Peer 1: 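Sharing a structure, written as structure tokens. Questions coming.
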Amino acid sequence: MRLDHIGISVPDLEAATRWYRTALHLTEERAFSVPGTGLRGVMLRHAGGYRVELLHRPDAEPGLMADGPLEAAGTLGYGHLCLSVDTAAEVDTEFARLVAAGAAVRMRPRPAPRPDARMAFVADPFGNLIELINRAP
């Protein structure tokens, strides 16, 4: 088995699609809707193979908008999306790039609990947490 995609419910499908395409360098695979439900979505894909499925229902209720990973871990369910980079320096570079693209700072780059790893957290414009990590060999 391997991970195919992660689904994220968003309040504005068009704005989320623009942000994720630009900020994470994703391309649109397909848009879809489920008749009779109001549910619309877009499947986005990264050249590295991972996918992000953005989902929108007009009647969706807001959930937890965690201020960081510790608060997210205190609530059962989705915590964050984690993206790996090749070097520790890239954690800082990608963190700065995502913040410039409109992400909110949740945890500035720092050593991770795992030895020789570096990590950071941002939130997309809709409050969903994204972790950046470099796992040194």
Side-chain angles (χ1 to χ4, degrees):
M1 256 189 279
R2 63 183 169 82
L3 178 67
D4 183 79
H5 71 274
I6 184 167
I8 302 173
S9 293
V10 295
D12 183 330
L13 185 59
E14 289 74 21
T17 299
R18 283 190 302 274
W19 191 85
Y20 274 87
R21 285 185 67 171
T22 301
L24 298 184
H25 306 294
L26 303 176
T27 57
E28 186 174 325
E29 276 193 339
R30 65 183 179 91
F32 61 90
S33 63
V34 179
T37 67
L39 177 65
R40 296 183 307 124
V42 175
M43 184 66 78
L44 303 172
R45 182 184 183 98
H46 187 268
Y50 75 85
R51 291 181 181 94
V52 175
E53 182 180 39
L54 300 175
L55 303 163
H56 172 74
R57 280 187 64 176
D59 58 348
E61 300 274 332
L64 173 69
M65 297 296 178
D67 284 332
L70 189 59
E71 182 182 358
T75 302
L76 299 176
Y78 170 81
H80 62 278
L81 164 65
C82 183
L83 302 172
S84 177
V85 295
D86 293 329
T87 68
E90 284 181 280
V91 170
D92 297 71
T93 301
E94 290 301 312
F95 174 84
R97 191 182 65 72
L98 290 174
V99 170
V105 174
R106 291 296 184 254
M107 179 188 289
R108 294 193 176 280
R110 65 181 65 186
R114 177 182 174 179
D116 300 320
R118 189 158 178 79
M119 63 188 281
F121 277 84
V122 297
D124 72 11
F126 316 99
N128 300 297
L129 292 177
I130 300 171
E131 178 182 5
L132 300 167
I133 193 162
N134 165 251
R135 297 180 188 273

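None of these values were measured; they are calculated from a predicted model.
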Peer 1: Apply the test side chain to side chain contact (heavy atoms under 4.5 Å, CB included) to residues H46 and R51: give CA-CA distance (whole Å), side-chain angles for both, the deciding distance (0.1 Å), then the verdict.
Peer 2: CA-CA 6 Å; H46 187 268; R51 291 181 181 94; over 6 Å; no
Peer 1: Please tell me if the side chains of L83 and I130 come closer than 4.5 Å, counting only heavy atoms from C-beta onward.
Peer 2: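 Yes, their side chains come closer than 4.5 Å.
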Peer 1: Are M65 and I6 in one and the same hydrophobic cluster, where Ile, Leu, Val, Met, Phe, Trp and Tyr link if side-chain heavy atoms are under 4.5 Å apart?
Peer 2: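 Different clusters: M65 never reaches I6 through Ile, Leu, Val, Met, Phe, Trp or Tyr contacts under 4.5 Å.
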Peer 1: What's the shortest heavy-atom distance between F95 and A120, and which atoms?
Peer 2: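 Heavy-atom minimum between the residues: CD1-CB, 3.7 Å.
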Peer 1: Hey, could you give me the CZ/CE distance between R30 and M43, rounded to the nearest 0.5 Å?
Peer 2: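 Separation between the atoms: 5.5 Å.
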Peer 1: Hey, would you say the H5 and Y50 ring centroids sit under 6.0 Å apart?
Peer 2: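 No, the ring of H5 stays outside the 6.0 Å limit from the ring of Y50, centre to centre.
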Peer 1: Between atom CE of M119 and atom CD1 of I133, what is the distance when rounded to the nearest 0.5 Å?
Peer 2: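 It comes to 6.0 Å.
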Peer 1: Check for a donor-acceptor pair, side chain of E94 on one end and backbone N or O of E90 on the other, with a separation under 3.5 Å.
Peer 2: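 Checked: no pair found.
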Peer 1: Closest heavy-atom contact between L98 and A23?
Peer 2: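 Looking at all heavy atoms of both residues, the shortest contact is CD2-O, 3.4 Å.
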Peer 1: Roughly how far apart are T87 OG1 and N134 CG, rounded to 0.5 Å?
Peer 2: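 The CG atom of N134 is 6.0 Å from OG1 of T87, to the nearest 0.5 Å.
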Peer 1: Going only through I, L, V, M, F, W and Y residues with side-chain contacts under 4.5 Å, is there a path from L129 to L54?
Peer 2: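 Cluster IDs for L129 and L54 differ.
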Peer 1: Check whether T37 reaches the backbone of L39 with its side chain - one donor and one acceptor, N or O, closer than 3.5 Å.
Peer 2: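 Looks like yes, one N/O pair under 3.5 Å.
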Peer 1: Within this structure, what is the OG-CZ distance for the pair S9 and R57, rounded to the nearest 0.5 Å?
Peer 2: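 It is 9.0 Å, given to the nearest 0.5 Å.
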Peer 1: Could you pull out the closest heavy-atom pair between A72 and G79, with the gap in Å?
Peer 2: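 Between these two residues, the closest heavy atoms are CB-O, 3.9 Å.
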Peer 1: Checking W19 side chain against L24 main chain: does a donor-acceptor pair fall under 3.5 Å?
Peer 2: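 Answer holds: no.
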Peer 1: Could you walk me through whether V91 and T93 satisfy the side chain to side chain contact (heavy atoms under 4.5 Å, CB included) test, starting with their C-alpha distance in whole Å, then the side-chain angles of each, then the deciding distance to 0.1 Å, before giving a yes or no?
Peer 2: CA-CA 6 Å; V91 170; T93 301; over 6 Å; no
Peer 1: Is it true that a side-chain atom of H80 and a backbone atom of C82 form a donor plus acceptor pair closer than 3.5 Å?
Peer 2: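 Side chain of H80 to backbone of C82: no pair is present.
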Peer 1: Tell me whether R118 is salt-bridged to D92, with the criterion being a basic N under 4.0 Å from an acidic carboxylate O.
Peer 2: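 Result for this pair is yes, salt bridge flagged.
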Peer 1: Step by step, would you call V42 with L13 a side chain to side chain contact (heavy atoms under 4.5 Å, CB included)?
Peer 2: CA-CA 8 Å; V42 175; L13 185 59; 4.1 Å; yes
Peer 1: Write down the atom of R108, the atom of V105, and the distance for their closest heavy-atom approach.
Peer 2: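 The answer is CG-CG1, 3.9 Å.
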Peer 1: So L44 and T27, side chain to side chain contact (heavy atoms under 4.5 Å, CB included) or not? Walk me through it.
Peer 2: CA-CA 5 Å; L44 303 172; T27 57; over 6 Å; no
Peer 1: If you group Ile, Leu, Val, Met, Phe, Trp and Tyr by side-chain heavy-atom gaps below 4.5 Å, do F121 and I8 land in one group?
Peer 2: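 No, it is not one cluster - the side chains of F121 and I8 are not joined through contacts under 4.5 Å.
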Peer 1: So how far is it from Y20 OH to H25 NE2, rounded to the nearest 0.5 Å?
Peer 2: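 That separation rounds to 14.0 Å.
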Peer 1: Look at the side-chain heavy atoms of Ile, Leu, Val, Met, Phe, Trp and Tyr, link any pair under 4.5 Å apart, and say whether V122 and Y78 land in one connected group.
Peer 2: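 Same hydrophobic cluster.
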Peer 1: Taking E14 first and then R40, would you say they form a salt bridge - that is, a charged N and a carboxylate O separated by under 4.0 Å?
Peer 2: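 Answer for the salt bridge query: yes.
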Peer 1: Should we say atom CZ of R97 is surrounded by more than 12 heavy atoms from elsewhere, each under 6.0 Å from it?
Peer 2: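 Atom CZ in R97 is packed in, count exceeds 12.
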